[in-house]
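Structure first, commentary second.
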There are 2 protein chains.
Amino acid sequence: MKRLSTADRTSPVPPLAKGSGDEPPFRLEAFLPYRLSVTANRMSRAFARAYGTRFGLGIPEWRVMAVLGTGGAMTAGGVVERTAMDKVKVSRAVAALEAKGHLARRPHPEDRRSALLELTAAGRRVFEQIVPLARALEAELTAVLGPDDRARLAELLARLDAHLRDVGDATLDAGDPG
Amino acid sequence: MKRLSTADRTSPVPPLAKGSGDEPPFRLEAFLPYRLSVTANRMSRAFARAYGTRFGLGIPEWRVMAVLGTGGAMTAGGVVERTAMDKVKVSRAVAALEAKGHLARRPHPEDRRSALLELTAAGRRVFEQIVPLARALEAELTAVLGPDDRARLAELLARLDAHLRDVGDATLDAGDPG
DNA sequence: GAGATGATGTTTCAGATGAAACGATTGTCA
DNA sequence: TGACAATCGTTTCATCTGAAACATCATCTC
């Protein structure tokens with residue numbers, strides 16, 4: 001990390017003090033969408049590293065396992081609903097998990113376009129190893145917030161998310177680092 | 001919604017406790033990293049759409065403009081520090097902004113490897129158009145939260161982010177080679 | 001039924017991403 | 001000085017991403 005040597009050069013350009021009146025100058029680091037994005041990406045990266053090195057899983061794969069591990073058998077569409085992921089991403093994560101032997105498809109009794117997805121016994125063992133790790137990592141990474149603030153943050157995010165879903169053209173999606 | 005098993009514990013860092021028996025089942029939608037990622041992504045998409053359709057800018061480009069618009073001239077490294085973006089992403093955003101005539105490079109007086117980046121007059125005009133839009137969109141998208149909750153959320157995120165930056169590289173017993 | 005329309009999941013394709021390699025320059029030290 | 005390491009920003013390359021096209025099956029309408 002080097003110090004900016006622009007100290008000598010910053011004076012000439014007027015700091016662009018928003019002409020239209022007395023609004024405070026725009027500050028990116030106080031801009032909520034920016035804060036959200038940066039923090040979420042940092043968090044995602046930490047988890048991606050943990051899942052990747054210990055279990056060879058990406059975040060999409062982990063999410064699929066998470067819903068199948070607790071929700072029982074369901075279709076790919078059900079996974080899409082519950083993970084807020086794109087159907088393409090779910091499709092690929094399911095294929096990857098199947099190739100790893102963590103997941104099996106069985107024909108849907110009422111719809112031959114679809115299939116029921118289920119963790120294999122091996123997949124369930126992996127899932128049960130991941131859950132404690134995920135909880136511990138969550139606890140460690142959010143340790144600065146006490147339990148109260150953590151709950152508060154979760155609640156604020158849930159409220160904000162619900163609102164965004166209403167306002168924002170219902171664009172289902174969740175992404176990872178980016 | 002807050003059935004955290006750690007509710008009664010107040011010590012800041014739960015020591016990786018593998019609760020053997022009676023933990024509640026894992027629920028993805030109550031998992032903070034997931035909530036953060038989903039919400040941040042929804043928000044980013046809304047802004048990307050707004051910037052893209054109105055100004056032909058991507059989010060990385062907007063961020064570069066934001067720091068140059070308020071911070072005056074600085075090097076690409078300075079932009080990296082202030083935007084928390086990868087240097088590759090900054091490099092490409094700068095090139096794109098230069099191609100659009102929103103930004104100009106001028107040689108750094110003390111280091112010929114680098115250059116000082118600055119908004120052009122046209123770029124500044126665009127920036128001044130974006131800021132009110134960005135503020136209005138932020139206000140609209142976060143309207144469910146009152147001003148207090150919004151500030152609270154920003155504060156929690158800032159605290160969390162600072163912690164992630166500290167802890168970031170040394171996560172839980174990560175001693176895996178390769 | 002036959003045909004049209006809709007739903008489900010996969011594949012394609014063009015763009016975005018970032019780790020690593022790279023050229024150019026600056027800093028360090030014998 | 002000369003050699004070597006470090007830093008700045010760009011480029012390369014392999015991977016990830018999702019909109020759109022696609023193949024398949026289901027449902028609706030006549």
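Below, chains carry the letters A, B, ... as their sequence lines are ordered, and counting in each starts from 1. What you see below is based on every heavy atom in this structure, not just the backbone, and it leaves out hydrogens, waters and symmetry mates.
Following rounding to the nearest Å, E110(A) (CD) and dT27(D) (P) show an atom-to-atom distance of 9 Å. In this structure, the CE atom of M85(A) is 13 Å from the P atom of dG9(C), given to the nearest Å. The nearest whole Å value for the distance from the CD atom in E61(B) to the P atom in dT17(C) is 10 Å. Atom P of nucleotide dT26(C) and atom CZ of R112(B) are separated by 5 Å, given to the nearest angstrom. Atom C1' of nucleotide dT12(C) and atom NZ of K89(A) are separated by 18 Å, given to the nearest angstrom. Taking atom CG of N41(B) as the reference point, atom C1' of dG18(D) lies 11 Å away to the nearest angstrom. As rounded to whole Å, 9 Å separates atom C1' of dT17(D) from atom CZ of R45(B). Atom CD1 in I59(A) sits about 14 Å away from atom C1' in dT17(D), given to the nearest Å.
Residue R92(B) places a side-chain atom within donor-acceptor reach of the base of dG18(C), judged by atom type and a 3.5 Å distance cut-off alone.
Mapping R105(A) and R113(A) onto DNA chain C by nearest heavy atom places R113(A) closer to the 5' end of the strand. The residue among K87(B) and G77(A) whose nearest nucleotide of DNA chain C lies closer to the 5′ end is G77(A).
For D111(B), counting side-chain heavy atoms from C-beta on, the closest listed nucleotide (dT10(D), dG9(C), dT26(C)) is dT26(C). Taking every side-chain heavy atom of D86(B) into account, dA19(C) is the closest of dT11(D), dG9(C), dA19(C).
A salt bridge is absent between R124(A) and E128(A); no separation between the charged side-chain nitrogens and carboxylate oxygens falls under 4.0 Å. Between D86(B) and R92(B) there is no salt bridge, since no side-chain N of the basic residue sits under 4.0 Å from a carboxylate O of the acidic one.
Side-chain atoms of R35(A) come within 3.5 Å of backbone N or O of E29(A) as a donor-acceptor pair. Formation of a donor-acceptor pair under 3.5 Å by the R105(B) side chain with backbone atoms of L116(B) is not found in this model.
Of the side-chain N and O atoms in S91(A), none sit less than 4.0 angstrom from OP1 or OP2 of dG9(C).
Taking the six-membered ring where the residue is Trp, W62(B) and F127(B) present parallel rings, their angle staying beneath 30° rather than reaching 60°.
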